Amino acid sequence: MRRANDFASIRKWDNEHVVHPWEGMASIGENDRTFAESADGIYVTTETGKTLIDGPAGMWCVQVGYGNTEIADAMADQARDMAYFSPFNNANSVPAKLAHEIARRTPGDLNHVFFTTGGSTAIDTALRFVQFRNNVRGQPDKKIILSRQKAYHGSTYLAASVSGKERDKGWLDQAQDLAYFLPNVNPSIRPAGQSVEAFLDEKLADLENAILEIGPDRVAAFVAEPILASGGVIVPPKGYHKRCLEVCHRHDVLYISDEVVTGWGRLGHWFASEEVFDIVPDIITTAKGLTSGYVPLGACILSDALIDSVSGSKSREATFSNGYTYSGHPVAAAAALKNIEILEREQILEHVQTVSPYFQERLHALRHHAIVTDTRGMGLVGCVECSVASDGQQLEVDRDIGTRIDRHCQDLGLIVRPIINMCVFSPPLIISLDQIDKMFDIMDESIKRVTQELCTTGSS
Ligand SMILES: Cc1ncc(COP(=O)(O)O)c(C=O)c1O
């Protein structure tokens with residue numbers, strides 16, 4: 001491993017040459033980022049040799065933990081045997097095997113796998129397929145995509161256009177005519193006195209009214225994360241997805257379930273759509289945990305019914321001209337196959353089902369802090385939301401509470417993902433009960449320290 005003093009020049013190169021995701025342009029070139037240089041299990045080690053629990057598992061993706069030599073070996077073996085082969089006109093056995101393993105685990109007739117380079121390109125592929133299908137079916141005006149406030153579906157042009165996080169929209173163009181955003185489905189923000197059931201009815205009415213107002217002949221699909229992840233771990237009321245799917249299908253609107261975060265065990269199942277939310281969508285998009293983050297890979301999984309509707313005699317000789325040089329990259333597919341084998345053999349989905357109630361219990365116990373206004377989660381995903389305002393409104397001072405908590409957590413041995421006044425975490429799925437305790441003990445202490453900073457002195 002590199003010594004800490006090597007990092008003077010590395011930090012300089014990072015600042016001089018690397019443009020990071022969500023780069024704040026006011027401070028570009030002047031950042032003091034933490035570098036992680038090695039990792040094992042749920043822990044990462046920084047350039048100073050400090051070991052931290054990786055609370056967000058990278059970006060919700062390192063399911064089987066770091067340092068898994070079986071996955072590393074599978075990738076190395078594949079690179080030696082056949083590093084790459086064009087997927088355009090020919091094929092390779094490894095992505096074929098992977099598509100078969102994925103199709104065995106998807107609900108219903110979701111059996112056609114289009115490999116992509118990540119989650120954004122999986123969403124782009126889903127949206128382009130929906131557009132393609134309606135063109136082939138002679139419905140070129142049926143193109144509007146319904147999405148939701150706080151949704152995140154990615155960073156390519158189409159995926160960003162159907163993402164509903166307001167703060168991300170300020171300075172970048174979007175395909176304005178493509179998307180229509182439904183209101184926030186977070187039951188915690190419902191007006192005082194409104195029951196969760198009434199809130200749910202209202203959200204369903206929002207969806208159906210939007211379809212009717214725009215016109216079912218113009219609405220192509222509804223895209224939804226089962227739980228809205230980076231929008232702040234928003235868990236819609238029970239029954240929401242099932243009823244949404246019924247509304248969609250009543251009006252010939254396709255349902256795209258974005259399982260980029262919720263797939264591959266995050267909620268204790270291969271996919272959450274059917275096992276957790278009782279729906280069989282028309283399309284599932286996935287990425288991240290498919291390879292446990294060891295190498296980029298995503299997939300857009302289409303139902304047989306969708307493929308049937310535009311194939312053979314119904315195809316009008318059309319080609320779905322969408323694809324990537326690295327669609328079904330053999331090395332990525334080898335990593336995914338080994339990852340699936342490990343998830344199954346080590347019974348990691350069962351482990352998630354066993355430990356997640358305790359994880360959720362410890363998460364919700366954080367509510368005893370005066371600045372914690374909400375805790376939300378499911379499976380091994382959690383979010384703690386804070387405000388120093390007594391009425392739960394967001395104040396200017398609240399804006400960097402997440403960063404403050406993250407700073408204290410890092411001092412104490414934990415990385416969390418700060419998002420404005422929230423911290424989200426989704427640890428590697430192999431986390432033990434003791435490690436869950438350690439994680440929440442650190443969170444608890446960090447929130448206590450931030451409370452003291454904010455409430456006693458008003459600043460850090
Ligand atoms: C639900 C969801 N969809 C899509 C994406 C985009 O995936 P990627 O960053 O791999 O392009 C993300 C990324 O966080 C996501 O959370």
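As the structure is a computational prediction, the values presented were derived from the model and not from experiment. Order of listing sets the numbers, starting from 1, for every ligand and every atom in it.
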One thing to verify: whether [Y] and [X] come together as a salt bridge, which I'm taking to mean a side-chain N less than 4.0 angstrom from a carboxylate O.
X	Y	value
E47	R11	yes
R105	E101	yes
E23	R33	yes
D411	K50	no

Just checking Y358 against F440, ring centres under 6.0 Å apart?
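Centroid separation for Y358 and F440: 6.0 Å or greater.
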Exercise. So which protein residues pack against ligand 1 under 4.0 Å, heavy atoms counted?
Worked result: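 Within 4.0 Å of ligand 1, protein side: G118, G119, S120, Y152, H153, G154, E225, D258, V260, V261, K288.
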Knowing that exactly one of V295, I342, T291 qualifies, which makes a side chain to side chain contact (heavy atoms under 4.5 Å, CB included) with I71?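 For I71, the side chain to side chain contact (heavy atoms under 4.5 Å, CB included) check succeeds only for I342.
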